[in-house]
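Quick note on labels: first sequence line is chain A, next is B, and so on, each numbered from 1. The figures here come from the full heavy-atom set of this structure, side chains too, leaving out hydrogens, waters and symmetry mates.
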Amino acid sequence: VSEYAFAPAGAGTRRHPWLVAIWPLCESLLAVLIAILAGGVILAATGHDPAVAYRELLQRTLGRPAGLQEVVVRATPLLLAGLAVLLAARAGLWNIGIDGQVLVGALAAGVVGHALDGTNRGVLWLGACGAALVAGALWALVPAMLRVRWGINEIVTTIMFNYVALSLTAWLVKGRFRDESLVTPQTPLIPRELRLATLGDTRVHVGLVVALAVWLALAFWLRQSTSGFELRAVGENPRAARHAMIPVLMVLFVALVVSGALAGLAGANDVLSTKGTFQAEWNPEYGLSAFALVFLARRNVLALVPAALFLGMLSYGADVMPRAAGVPSAFFTLFEGILLIVLAVFRWQPWNRGGQAT
Amino acid sequence: MSTEAVLVALLAAAILSATPLMLAAVGEAVSEHSGLLNLGIEGTMLIAAFVAFRIALATGSGPLGLAGGAAAGALIGVGFGFLATVGKADQVVLGLGLTLAGAGGSAFMFRETWGSEQPLLSHGLGRPLDGLLDWLPVVGPALGQQSWFVYIAWLVPLGVHLFLRHTLPGLRIRAAGDAPLGLESVGGNLVRTRIMAATIGGTCSGLAGATLVVVELGFFTPGVTAGAGFLAVALAMLGRLAPIRVAILTLGFGVLTGLDTGLQIASVDVRSEFLRMVPYVGIVLALVCFGRGVRLPRALGQPYRGITSRQ
């Protein structure tokens, strides 16, 4: 690693403490604003009315209870996937293998969930979630081992493991774990009364509670515990961390494996709630959205929840907008991409030469 | 079909499907040599593929489509280089954003232009050597039935190799990745060099996307690249950024991918999903065997901080 990486953040700059505190929030809001404007220009250029489209999006997602509930349902797995990306990112790792870890986690939850069909609800939930955690962790294990043992870049290996997971889960679900009574290749359906309970009369389910609990635990752990501090130290300055006798490689290994486990949990969330089964070739592609989510939250754990709600809104919008306003759902992928590009550039502060924002 | 005919068809398909992958991987190698890790290849390829398809469909000319795709790729490359140097953007985040925007943007434009229709390109490119190489068993006809652009494409790695090893701009690009301060201290312009490398890389990936659609498939669908851009990043790293090595590896990868179809034709009872994993597992295994302690450019992935901006 070159010496260029280790200029202290904000070196040689003087900023007011309150500005430092609210600056990331301003950046995120500005990025969203820029993405909305750019998206509006694109909509206008392709013959849509941006004002109508955006108003329709707000009304259908936030303007009615059913839409709002669906936004929260969509935000739940995104929050878990975002936590996975964030944990790795804070240790200085790029876990781009979220998609694959979600898939193996979902398949494990589907298989174990069916095997525990007939026991009671709690056992089924715990068993399926545990299986998903283990499967996701195992899927991140090889890239983590290659990284700490031989220094092989985790970006490439995690991406390759996405494609392996896509084929492997399809192969298993078409062969060994297939429910022969159904036409489509999928695991046996988990009966509705055994899936994650909904909260009150809404579509929001217990998965949200779990995701929020994991979120709070992670936030507390990163801020308050010694090991959380070690993880952040490794992410921000591995050389200094090594000199401080922090076991850098161990921290990297654990961070990537736990990140994979969290992604697996995101997969279990979908299988145990809305889907009830794992279908071959099903791929929710949370990975890149999770990156947009983490950088929209400026890598701050607490900011993940509002950012997840925003991306949940985009995710639901992509489903309703083609019929509601004639906007193709791909527009929302484009929107997330523009958002991520703008956020990537927000380390640039022309008035702060040599400094670094994140 | 005789065994030989099957082998010829498989090899020809492997060469054809490896061509866009090879172009993208060589482009990524140039970009990485200058210290820019571009994970946006996938998005660049998709946008270029859409542009190339649209132009080729409108004008009925394949070469114009290829040129349009290359131009689109070059523009995106300039943008990436500019944001990653002057904009001091994080390269990984920028690349992933580009991938999202490219996938979304090309799919969006496709739906806006054609809705649920699926237009096809009617004309392929010319095949100048068809039948001329048949005296060579298997390899001859497989090579001979390619269209003219494939031959040109496989000359690109050679050209890039000569450019990087034997010209001053090539030396500057390698210096920009290995010793950015050294480059600046002898009067080179780091920003300009990296933008140049990103532009060359973008042009190659644009050409790759255009080749995929105009030469190989003849149609465009959302997500048509199916991860080829990410594969290109892996192959470039596996080939240690040496263009010719990258090209040979890609060809091997193409043959490995063709195994799927091959064994099915030979009616060996293996599920195709299982075979589809083989190339990716192969890349990881190859990284384990040959990727240990690979010397990549020292400043790869580091945000740009030159002499002028150091405190």
Determine, stepwise, if the pair B:Leu96 / A:Leu340 fulfils side chain to side chain contact (heavy atoms under 4.5 Å, CB included). CA-CA 8 Å; B:Leu96 294 178; A:Leu340 196 50; 4.0 Å; yes
Test log, rule side chain to side chain contact (heavy atoms under 4.5 Å, CB included), inputs B:Leu231 and A:Met160: CA-CA 8 Å; B:Leu231 269 176; A:Met160 290 304 107; 4.0 Å; yes
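- Here CD1 of A:Ile341 is found 8.5 Å from CG of B:Leu100. Values are rounded to the nearest 0.5 Å.
- One finds the CE atom of B:Met237 at 11.0 Å from the CD1 atom of A:Ile152 (value rounded to the nearest 0.5 Å).
- For A:Asn153, the part lying near chain B is the side chain, with the backbone staying farther off; criterion is any non-hydrogen pair under 4.5 Å.
- In terms of heavy atoms, B:Glu112 sits closest to A:Gly326 at OE2-O, 4.3 Å.
- Contact of A:Leu166 with chain B is not made at all, since no heavy-atom distance falls under 4.5 Å.
- Residues passing the ring-ring contact (aromatic ring centres under 6.0 Å, His included) test with B:Phe220, sequence neighbours excluded: B:Phe50, B:Phe110.
- No more than 12 heavy-atom neighbours from other residues, nucleotides or ligands sit within 6.0 angstrom of CD on B:Glu117.
- If you measure heavy-atom distances from A:Phe332 to chain B, you find no contacts under 4.5 Å at all.
- In terms of the ring-ring contact (aromatic ring centres under 6.0 Å, His included) criterion, residue partners of B:Phe108 (sequence neighbours excluded) are, by chain and number, A:Phe331.
- Identified by a heavy-atom distance below 4.5 Å to chain A, the contributing residues of residues 35-47 of chain B are B:Leu37, B:Leu39, in residue-number order.
- Here A:Asp49 pairs with nothing under the salt bridge (Lys or Arg N to Asp or Glu O under 4.0 Å) rule; sequence neighbours left out.
- Only the side chain of A:Ile159 has a heavy atom closer than 4.5 Å to any heavy atom of chain B.
- Between chain B and the options A:Ala292, A:Ser289, A:Ser329, A:Pro328, the largest number of non-hydrogen pairs under 4.5 Å is found for A:Pro328.
- Residue A:Leu168 holds its CG atom at 11.5 Å from CZ of B:Arg276, rounded to the nearest 0.5 Å.
- If you measure heavy-atom distances from B:Leu94 to chain A, the contacts under 4.5 Å come from both the backbone and the side chain.
- Atom CG in A:Leu334 sits 10.0 Å away from atom CE in B:Met109 (nearest 0.5 Å).
- Of the listed residues (B:Val284, B:Ile283, B:Val92), the one with the most heavy-atom contacts under 4.5 Å to chain A is B:Val92.
- Contact of A:Ile155 with chain B is made through the side chain alone, with heavy-atom distances under 4.5 Å.
- The line from CG of A:Leu146 to CG of B:Leu287 is 8.0 Å long, rounded to the nearest 0.5 Å.
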